[in-house]
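Step one of this worksheet: look at the structure below.
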Protein chains: 4
Amino acid sequence: MNQREGPVTARGQKTRQALLDAACEEFGSKGFYNASISSITRRAGVAQGTFYLYYRSKEEILRALVDHMNRSMRRAQSEAVQNANHRVDAEVAGLRHFMRFALEHRSLYRVVMESQFVDPEIHRSYYQTLADRYAEHLSKAQQRGEIRAGDPCAQAWALIGVAYFMGMRFPVWEEREPPEDFMATMEDFIATALSPAPRPDAGERTTKGDRQMRGSH
Amino acid sequence: MNQREGPVTARGQKTRQALLDAACEEFGSKGFYNASISSITRRAGVAQGTFYLYYRSKEEILRALVDHMNRSMRRAQSEAVQNANHRVDAEVAGLRHFMRFALEHRSLYRVVMESQFVDPEIHRSYYQTLADRYAEHLSKAQQRGEIRAGDPCAQAWALIGVAYFMGMRFPVWEEREPPEDFMATMEDFIATALSPAPRPDAGERTTKGDRQMRGSH
Amino acid sequence: MNQREGPVTARGQKTRQALLDAACEEFGSKGFYNASISSITRRAGVAQGTFYLYYRSKEEILRALVDHMNRSMRRAQSEAVQNANHRVDAEVAGLRHFMRFALEHRSLYRVVMESQFVDPEIHRSYYQTLADRYAEHLSKAQQRGEIRAGDPCAQAWALIGVAYFMGMRFPVWEEREPPEDFMATMEDFIATALSPAPRPDAGERTTKGDRQMRGSH
Amino acid sequence: MNQREGPVTARGQKTRQALLDAACEEFGSKGFYNASISSITRRAGVAQGTFYLYYRSKEEILRALVDHMNRSMRRAQSEAVQNANHRVDAEVAGLRHFMRFALEHRSLYRVVMESQFVDPEIHRSYYQTLADRYAEHLSKAQQRGEIRAGDPCAQAWALIGVAYFMGMRFPVWEEREPPEDFMATMEDFIATALSPAPRPDAGERTTKGDRQMRGSH
DNA sequence: CATGAATGAGGCTTCATTCAT
DNA sequence: GATGAATGAAGCCTCATTCAT
């Protein structure tokens, strides 16, 4: 993403990585705006000026972090899901796996969330990319009849929303994974939400009007 | 919430409100950290020092705003839902209504989201309160058999997560309500997720194992 | 001292006095620069604006306080000393009495000390007045042969210096009177310092040279 | 004294010293509270931010100044006194020397005096240290019979009080040394106060009671 | 490749003082 | 005679960034 080249030797790579890690800790614990470059370089064990050999600005290293999260998540999620033969299972497995990932990368996850208030564009693009990938999978799954009909983007968005909040509630706030029964309901929630409607000939209710009638008996 | 008393005359009340509105605009458009008190008071048409007659600090006015959102939302949502006779309908109506609310109070909504990175405790308590209220409704609805069994807290979190993301995607990012078909899928998503499982004698699949088997045929 | 007239009714007098007392407490406890008018008026139980009906500025009320100390001290000291028939006794009694006075009016005493760093002129004039009065007494006492020859101003200054430091050490720092044996040595110190030299025919040493000789035996 | 490390190169040392000197001038002329960091850095010829590389706050540089005075005084006084063979001579020489020192370091001396109203603890500890050292010398001198019996602390305190006031009157207020006859009386004052009582067999009065009797004849 | 001293803009906050009621 | 809301100047301090070594 138009990133400064900077030193490229092995030593240089190590410094760059040290800065990235340090920034992750620093942003994650203090928040972007309360973090300071001097504290980052202190954590990384380099001089202040060194920072600018590798990153053009405080915001650029944030972008690098979001980028990093993007790649990590993609890899991690695709691994987590590779054994699922059914999209619903994949989503369920994905949610559970995400909880572990978010816990392990709490700081990084927090940074991504905060990026919305620093560089909305990058945050937006992060989630858009994520949603698009989701949507594509969902779309194909719909064609296979594995999941319920409907706008795949909306479904993707909904799934991400659920995961987002879970990630905030447990890994970030409480620094632990959700309790098992909580998790079970969550999985049931999304599994149910995605599961295909019974065939129309079954005479089942599916509309709002239907439900309202029933409610007014 | 431990708020500075400050001036109490009618004139004072007006000034206090002007500051609150101005802060909402300012935080909403620039973000908390890029907002400045001087800009807030300029918007409000008062001198800088006047700010501190009403709010002890930049953070305190943020808290006042989140508090304000809390009360507004509560009132707005209960109105929106009062005609629903069924919990599922209430949630669906609530979601749709929230989209309108979030659009109209974009700035305020953004402020609440950002509060996580300023004063995590207040943000956390905001959503905890919300989730608790949700959970209570859901719990009762479960007893009435209106919605699916499961941990009501988990369900509440899931619903909030969905709404949260929708609110970010459309009102905040695109400054419009979601398109109708998007909205429809969303409603279907949560309605399905909440709807009670068919009675067991129907021989329907409800378990993960079941699904997996089916997926591997 | 060119003091603002302000309201002069009985009620007005009470308010003026309340402000003066409040300022004394406030300055005494926080120091002049850390004291605030708003805190003074709060202590006095009046509105902020009221302050300026009685005193033109923060510095003016300080001047009023130093003035007040001046009058109080003068009265108190002359009472304390009126029974002494010998100047040395008067000074000794005066020192002891001053310790009690300083303890009782700790705040006021501190304010006078601090005034040097607010309005050097008033502080200087306070001590000059004091020293002049002292010097006059000492001068007469010298003529009566009660005390040692020498520049009475220098003697006055020395005596004040001793009292000043004692007042700082015990009443202000430790909020108590000096212990008795400490006090006794102090009294012996000034009594000795002031007592007349033996008559010259006694052949006693009185000069530095003399002492040095003795030192170099 | 828990001082910020700050830059440590030769250049850094120079900057640190420049700031210290500038602060001394600034505090000395305007007083601590009317002094401003920006004025100090202007005097020192550096940018405002540079100040905080060396001193954590306005108060810390004050502490550094008092500390500096402490060391300077100690060195200067011990030099001034090293030729005295008799404690009384040492005190007399010390007083005279202090007048020169106070004149030359007027600003620094004023700063030390004002420190009482900024950070009472440091001021107190400054004078306590001074008094303790004095007291020790006096105590030994008493054992050698060079000076009068009595609580050495009280004597020390008295001597410091005298010097303190002299230092204020002439070097600080009038920016000159005391006139010679003034000085002479002063020296006589302390020399007399410290000189041992004549041996009892001489029949001289030494008690208060004695004096009182004599006064009432 | 790295250092670290220096910069200076900019923000929050306090508070003496004024003034309309 | 008193009120108290409003003012706005001024100061401390932080920190991203630059630059000479």
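Labels below follow one simple rule: chain letters A, B, ... track the order of the sequence lines, proteins then strands, and each chain is numbered from 1.
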Assuming nearest nucleotide by heavy-atom distance, tell me which of B:R11 and C:A10 is located more 5' along DNA chain F.
C:A10

What pairs with B:H105 under side-chain contact (heavy atoms from CB on, under 4.5 Å), at least two apart in sequence or on another chain?
B:F101, B:L108

Rounded to whole angstrom, note down the C1' distance from F:dT21 over to E:dC1.
13 Å

C:H123 and D:W173 aromatic ring geometry - parallel, tilted or perpendicular at 30°/60° bounds
perpendicular

A:T9 has its side chain closest, among E:dT7, E:dC1, F:dT3, to E:dC1

Without decimals, in angstroms, what is the distance between [X] [atom1] and [N] [atom2]?
| X | N | atom1 | atom2 | answer |
| --- | --- | --- | --- | --- |
| C:K14 | F:dG1 | NZ | C1' | 14 Å |
| C:E26 | E:dC15 | CD | P | 10 Å |
| D:R42 | E:dT7 | CZ | P | 14 Å |
| D:Y55 | E:dA5 | OH | C1' | 15 Å |

Looking at D:Y54, does any N or O in its side chain come under 4.0 Å of the phosphate oxygens OP1/OP2 on E:dA6?
yes

Under 4.0 Å between a side-chain N or O of B:T15 and OP1 or OP2 of F:dA6?
yes

Does B:Y54 reach the side chain of B:I61, with side-chain heavy atoms less than 4.5 Å apart?
no

Contacts of [X] that satisfy side-chain hydrogen bond (donor to acceptor under 3.5 Å, both in side chains) - sequence neighbours left out:
| X | result |
| --- | --- |
| C:S36 | C:S38 |
| C:T50 | none |
| A:S39 | A:E26, A:K30 |

Consecutive-pair stems (at least three Watson-Crick or G-U pairs, under 3.5 Å) that include DNA chain F
E:2-21 with F:2-21

Spell out protein contact along nucleotides 13-21 of chain F as letters: B when the base is contacted, S when just the sugar-phosphate is, - when no protein heavy atom is under 4.0 Å; keep the 5' to 3' order.
BB-SBB---

Examine C:F117 together with D:F117 and report whether their ring centres are nearer than 6.0 Å.
yes

Should the pair B:R63 and B:Y55 be classed as cation-pi, given the thresholds of under 6.0 Å to the six-membered ring centre and 45° from the axis?
no

Closest heavy-atom contact between C:S29 and C:R43?
OG-NH2, 3.5 Å

